[in-house]
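As structure tokens, the structure follows; a few thoughts come after it.
The analysis underlying the following values was restricted to heavy atoms, covering all of them including side chains, and did not include hydrogens, waters or symmetry mates.
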Amino acid sequence: MRWFTLPIMPVLLVTAQKDIVRLVKKTKQNNNDFSILDVGGRKSPYTVNVPAEITLLDVPQENNVQEKLNLGFTTDLLDKVKKVRSNINNIIIEDMTKSTLSDASFNAVVCVEVIEHVEEDDIFIKNVSNVINKNGWAYFTTPNGDYIKNVPPNYNPDHKRHYTRQQLQELLERHFDRVSVKYAVKTGKHRVWGLKSFKIKKPWRLVKSIFGNIVNRFESKGIEETANGTAHLIAIAYK
């Protein structure tokens with residue numbers, strides 16, 4: 001992640017990348033290779049430039065809802081990912097709830113904005129835990145159910161549920177030895193501005209997006225214990 005790209009990157013992306021890089025540096029020993037399974041990764045920007053060997057795993061894109069929401073892998077997407085990602089070690093197309101991966105085959109797992117799409121979440125988390133080796137970790141983000149729990153189910157047609165902080169903590173503690181869950185990213189107009197797609201040919205939209213992300217970055221400082229008005233939960237689970 002380059003410093004000059006920070007203003008145009010949404011706060012969750014910046015936060016996740018910094019967290020993941022910090023975790024890798026903290027747990028990586030000497031010059032040994034460090035392997036990460038990026039579940040639901042697709043062309044995931046969250047592990048771009050992370051100093052590790054990345055394996056992307058996602059389900060195949062099989063229906064109109066997935067296509068509309070850009071979920072799952074397609075042949076075209078796979079080709080594009082291979083061309084632009086220098087740290088990709090492997091790409092796997094399968095459902096993590098039906099994982100065929102060997103136990104203790106990765107140092108860590110990254111799972112950003114994925115578990116809310118999974119029906120069998122306990123099996124999913126169990127399989128995530130199984131593929132992580134001893135002293136490894138998993139990094140999760142998901143919408144903050146303490147704040148958006150009253151939003152109708154069609155908030156996102158592919159979301160199965162929105163977890164409260166306590167629910168996410170309890171789910172992860174079934175399969176991990178130590179779990180930390182915090183709130184992240186202030187909601188509001190500046191966050192929305194920052195998430196808007198932009199084009200160089202529309203400079204006002206670009207300026208508005210950059211301004212929104214800069215302001216939202218300051219708004220999001222020190223809110224780790226603030227349930228109201230925060231968009232996401234971030235959890236780190238240790239084996």
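At a threshold of 4.5 Å between non-hydrogen side-chain atoms, the residues Val110 and Val112 count as touching. With a 4.5 Å cut-off on side-chain heavy atoms, Arg161 and Glu119 count as touching.
Following chains of ILVMFWY side-chain contacts shorter than 4.5 Å, one can reach Ile115 starting from Ile92, so the two form part of one hydrophobic cluster. Taking hydrophobic clusters as Ile, Leu, Val, Met, Phe, Trp and Tyr residues chained together by side-chain heavy-atom distances below 4.5 Å, Val21 shares a cluster with Val11. Ile123 and Leu171 fall into different hydrophobic clusters, where Ile, Leu, Val, Met, Phe, Trp and Tyr are joined by side-chain heavy atoms under 4.5 Å apart, directly or via other members. By the rule that hydrophobic residues join a cluster once side-chain heavy atoms approach within less than 4.5 Å of another member, Leu101 and Ile132 end up as members of one cluster. Ile148 is not connected to Val192 by any chain of hydrophobic side-chain contacts under 4.5 Å among Ile, Leu, Val, Met, Phe, Trp and Tyr, and they are in different clusters.
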Q) Passes side chain to side chain contact (heavy atoms under 4.5 Å, CB included), Arg191 versus Val185? Steps please. A) CA-CA 8 Å; Arg191 174 176 175 267; Val185 186; 3.7 Å; yes
**Q.** Test log, rule side chain to side chain contact (heavy atoms under 4.5 Å, CB included), inputs Trp193 and Asn213
**A.** CA-CA 7 Å; Trp193 291 357; Asn213 282 323; over 6 Å; no
Q: May I have the step-by-step check of side chain to side chain contact (heavy atoms under 4.5 Å, CB included) for Met96 and Val131, ending in yes or no?
A: CA-CA 10 Å; Met96 196 63 194; Val131 302; 4.0 Å; yes
Q. Would His159 and His117 satisfy side chain to side chain contact (heavy atoms under 4.5 Å, CB included), going step by step from the backbone distance to the final call?
A. CA-CA 5 Å; His159 285 191; His117 297 273; 3.4 Å; yes
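Closest non-hydrogen pair, Val24 versus Pro51, comes out as CG1-O, 3.6 Å. Scanning all heavy atoms of the two residues, the minimum distance from Thr187 to Thr230 falls at CG2-C, 3.7 Å. For the pair Ala227 and Asn144, the tightest heavy-atom approach, listed with the atom from each and the gap, is O-ND2, 2.9 Å. Heavy-atom minimum distance, Tyr46 versus Ala16: CD2-CB, 3.7 Å. Among all heavy-atom pairs drawn from Pro10 and Gly194, the shortest one is CG-O, 4.1 Å.
The distance from atom OH of Tyr139 to atom CG of Asp19, rounded to the nearest 0.5 Å, is 3.5 Å. The line from OG1 of Thr226 to CG of Asp146 is 11.5 Å long, rounded to the nearest 0.5 Å. Note that CG of Asp58 and CD1 of Ile91 are 10.5 Å apart. Values are rounded to the nearest 0.5 Å. Atom CD1 of Ile236 is separated from atom CZ of Phe140 by 11.0 Å, given to the nearest 0.5 angstrom.
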List, one per line, each side-chain donor-acceptor pair under 3.5 Å for residues 172-182, sequence neighbours excluded.
{"residue": "Glu173", "atom": "OE2", "partner": "Gln169", "partner atom": "NE2", "Å": "2.8"}
{"residue": "Arg174", "atom": "NH1", "partner": "Asp122", "partner atom": "OD1", "Å": "2.9"}
{"residue": "His175", "atom": "NE2", "partner": "Asp122", "partner atom": "OD1", "Å": "3.0"}

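Judged as a salt bridge (charged side-chain N to carboxylate O under 4.0 Å, His left out), and not counting sequence neighbours, the contacts of Arg165 are Glu225. Scanning for side chain to side chain donor-acceptor pair (under 3.5 Å) contacts around Thr47 gives Asp38, Arg85, with sequence neighbours left out. Scanning for side chain to side chain donor-acceptor pair (under 3.5 Å) contacts around Glu120 gives an empty result, with sequence neighbours left out. Residues passing the side chain to side chain donor-acceptor pair (under 3.5 Å) test with Glu219 are His190, Asn216, sequence neighbours excluded. With sequence neighbours left out, the side chain to side chain contact (heavy atoms under 4.5 Å, CB included) criterion links Ala52 to Phe34, Ile36, Val50, Ile54. Ser35 pairs by the side chain to side chain contact (heavy atoms under 4.5 Å, CB included) definition with Phe106, Asn107, not counting sequence neighbours. In terms of the side chain to side chain donor-acceptor pair (under 3.5 Å) criterion, residue partners of Gln166 (sequence neighbours excluded) are, by chain and number, Glu170.
Atom NZ of Lys160 is surrounded by more than 12 heavy atoms from other residues, nucleotides or ligands within 6.0 Å. With a 6.0 Å radius and a threshold of 12 heavy atoms from other residues, nucleotides or ligands, Lys126 has its NZ atom at or below the threshold.
Hydrophobic cluster of Trp204: the remaining members, joined at side-chain heavy-atom separations below 4.5 Å, are Val207, listed by chain and number.
Remark: side-chain polar atoms of Thr141 are paired, donor with acceptor, to backbone N or O of Glu113 under 3.5 angstrom. In this structure, Gln17 contributes its side chain and Pro45 its backbone to a donor-acceptor pair below 3.5 Å.
A side-chain hydrogen bond (donor to acceptor under 3.5 Å, both in side chains) check over residues 128-138, counting only residues at least two apart or in different chains, returns the pairs Thr27-Trp137. For residues 91-111, every residue pair satisfying the salt bridge (Lys or Arg N to Asp or Glu O under 4.0 Å) rule, not counting sequence neighbours, is listed here: Asp95-Lys98.
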